[in-house]
Amino acid sequence: MAAGGGNELKLLGVWDSPYVNRVQIVLNLKGISYDYVEEDLMNKSDLLVSSNPVHKKVPVLIHNGEPIAESQVIVQYIYEVFAGTGRPSVLPADPYERAVARFWAAYVDDKVGSPWYTILFSPETEEKLKAAARAISALETMEGAFRELFESKAFFGGDGIGFVDVVLGSYLGWFKVIEKMIGTRILDAARTPLLAAWAERFEAADAVKGVLPDDVDKVIDFLQSFLH
């Protein structure tokens, strides 16, 4: 049951999905309890297929029987519906600042998420390496944004974790997996020192602990079983 609201929440997910992880982090930040259902992507449940008939993907948040799909949409839904629950929202109250946060969150999923997908699923090593270079370039852009737009702040959200932090931070566990897979370090303190320090703060947050995958070999084994 949701804290303070009597709302029934169920999250359909996969344990190592960055998109599922970001929803979990936001629910943790808000102090909202929920039922978690681990999905088998090789044998998707009827509930998942009926709840997200267009994409048939996780995450799906089911609120009082009504499904909401797509991680960024879910996070913003939680912001709107549970505005008075727990800590302040991950989205800024100011409309302009909220628009800026949405811009950078979309940038992350486009410029980091897309290469992440290619690295995981492309059969060609050269394509994986090119995708990794694109992700690194995107993080260098994020480093500049953090310096110019969010200077002297602990997070993109200011003193606390915000929307951009959640979206970018959800990939952190996978950066370590990618390094072992193809030998390329995506987040490197030598290239992006501000982001490297930010990542340490993000991973140390109570709402994040235990959410991001931290066993690289387990993730790789899971990925291999999924691919084969």
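A distance-only check finds no donor-acceptor pair linking the side chain of Lys44 to the backbone of Leu41 [under 3.5 Å]. Using modelled atom types, one side-chain atom of Glu38 and one backbone atom of Trp15 make a donor-acceptor pair closer than 3.5 Å. Looking at Asp165, its side chain does come within 3.5 Å of a backbone N or O of Phe156 through a donor-acceptor pair.
A 4.5 Å side-chain heavy-atom check between Tyr171 and Asp109 finds at least one atom pair inside the cut-off. Asp215 is listed as a side-chain neighbour of Asp217, based on a closest heavy-atom distance under 4.5 Å. Pro67 places none of its side-chain heavy atoms less than 4.5 Å from the side chain of Leu61. Side chains of Lys10 and Leu47 form a contact here, defined as non-hydrogen atoms less than 4.5 Å apart. Taking the side chain as every heavy atom from C-beta outward, Asp16 and Phe226 never approach each other to under 4.5 Å.
In this model, a donor atom of one side chain and an acceptor atom of the other lie less than 3.5 Å apart for Ser45 and Glu39. No hydrogens or angles considered: nothing links the side chains of Arg102 and Gln72 as a donor-acceptor pair under 3.5 Å. Using a 3.5 Å distance cut-off with no hydrogens or angles, the side chains of Asn21 and Gln24 do pair a donor with an acceptor.
Within 6.0 Å of the CG atom in Asp94, the count of heavy atoms belonging to other residues, nucleotides or ligands exceeds 12.
Annotation: Tyr107 is in aromatic contact with Trp104 [ring centroid separation under 6.0 Å]. Separation of the His63 and Tyr34 ring centroids does not fall under the 6.0 Å cut-off. If you look at Tyr19 and Trp116, their ring centroids are closer than 6.0 Å.
In the hydrophobic clustering of this structure, Leu227 groups with Trp174; members are Ile, Leu, Val, Met, Phe, Trp, Tyr whose side-chain heavy atoms approach within less than 4.5 Å, directly or through other members.
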Output side-chain donor-acceptor pairs under 3.5 Å for residues 129-138, partner residues at least two apart or in another chain, one line each.
| unit_1 | atom_1 | unit_2 | atom_2 | d |
| --- | --- | --- | --- | --- |
| Lys130 | NZ | Glu126 | OE2 | 3.4 |

